[in-house]
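Residue numbers start from 1 in every chain, and the chains themselves are labelled A, B, ... in the order their sequence lines are given, proteins ahead of strands. Side-chain atoms are counted along with the backbone in the values below, which use heavy atoms only and exclude waters and symmetry mates.
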Number of protein chains: 2
Amino acid sequence: MAEQKSIENVVFIGTKPVMNYVLAAITQFNAGAGVVTLKARGRAISRAVDVAEILRNRFLQNSTVDSIIIGTEQVQGESGTANVSTIEITIGKKK
Amino acid sequence: MAEQKSIENVVFIGTKPVMNYVLAAITQFNAGAGVVTLKARGRAISRAVDVAEILRNRFLQNSTVDSIIIGTEQVQGESGTANVSTIEITIGKKK
């Protein structure tokens with residue numbers, strides 16, 4: 001595991017309880033990740049913000065929000081193409 | 001209305017249809033606002049991202065996301081204090 005520093009890890013936020021994703025992110029930091037990116041789309045976007053805030057305020061108080069990017073993806077639905085919003089929140093460690 | 005340039009306007013995102021907030025933001029830009037800030041908390045956060053994306057991709061194609069800030073507010077509930085996540089998305093015009 002010596003070369004695992006600074007690997008960029010991703011946690012995809014879905015419909016599970018918030019704490020599942022908080023734990024997933026903490027696990028990746030403990031495994032040596034320098035930054036962890038939380039990705040979500042649609043209604044899971046609010047949960048991604050919850051995960052970031054809980055990490056930052058409660059479990060990883062030396063962490064910081066490096067960047068927040070929003071975007072749009074096209075998904076195929078039963079009645080053609082629909083647009084869905086996306087968010088990527090990157091959490092790093094304070095220098 | 002000559003002095004209304006660069007006033008910072010805020011649209012609070014709640015539970016109404018997304019297009020209501022899109023129209024509110026467009027109205028503020030047309031009234032001379034240099035930037036418009038979308039504020040939301042809790043589950044309305046995903047709707048705020050939708051509003052920003054629709055503005056940027058469909059109605060104000062010369063606009064850009066200036067900043068995205070996330071935070072936590074404490075609200076009084078029936079069983080004590082609860083934390084709720086917040087987002088502030090500032091939309092400006094491309095230079």
Subject >> B:Thr81: side-chain contact (heavy atoms from CB on, under 4.5 Å) partners, not counting sequence neighbours >> reply: B:Gln74, B:Gln76
Original post:
Of the backbone (N, CA, C, O) and the side chain (C-beta and beyond), which part of B:Thr86 lies under 4.5 Å from a heavy atom of chain A, both, or neither?
Top reply: backbone
Original post:
Given B:Ile68, which of A:Ile70, A:Val65, A:Ile87, A:Ile89 fulfils the side chain to side chain contact (heavy atoms under 4.5 Å, CB included) condition?
Top reply: A:Ile70
Original post:
How would you list all residue pairs meeting salt bridge (charged side-chain N to carboxylate O under 4.0 Å, His left out) that involve residues 80-89 of chain B, not counting sequence neighbours?
Top reply: B:Lys39-B:Glu88
Subject >> Atom pair CG/CZ of A:Asn83 and B:Arg58 - distance to nearest 0.5 Å >> reply: 7.0 Å
Original post:
Partners of B:Val11 by side-chain contact (heavy atoms from CB on, under 4.5 Å), sequence neighbours excluded?
Top reply: B:Ile13, B:Tyr21, B:Ala24, B:Ala25, B:Gln28, B:Val36, B:Leu38
Original post:
For chain B, which residues from residues 43-56 of chain A lie under 4.5 Å away (heavy-atom distances)?
Top reply: A:Arg43, A:Ile45, A:Ser46, A:Val49, A:Asp50, A:Ala52, A:Glu53, A:Arg56
Subject >> Within one Ile-Leu-Val-Met-Phe-Trp-Tyr cluster: A:Phe29 and A:Val18, side-chain cutoff 4.5 Å >> reply: yes
Original post:
Contact part of A:Asn57 toward chain B, heavy-atom cut-off under 4.5 Å: side chain, backbone, both or neither?
Top reply: side chain
**OP:** Find the distance between CD1 (A:Ile91) and CD1 (A:Ile26) and round it off to the nearest 0.5 Å.
**Re:** 11.0 Å
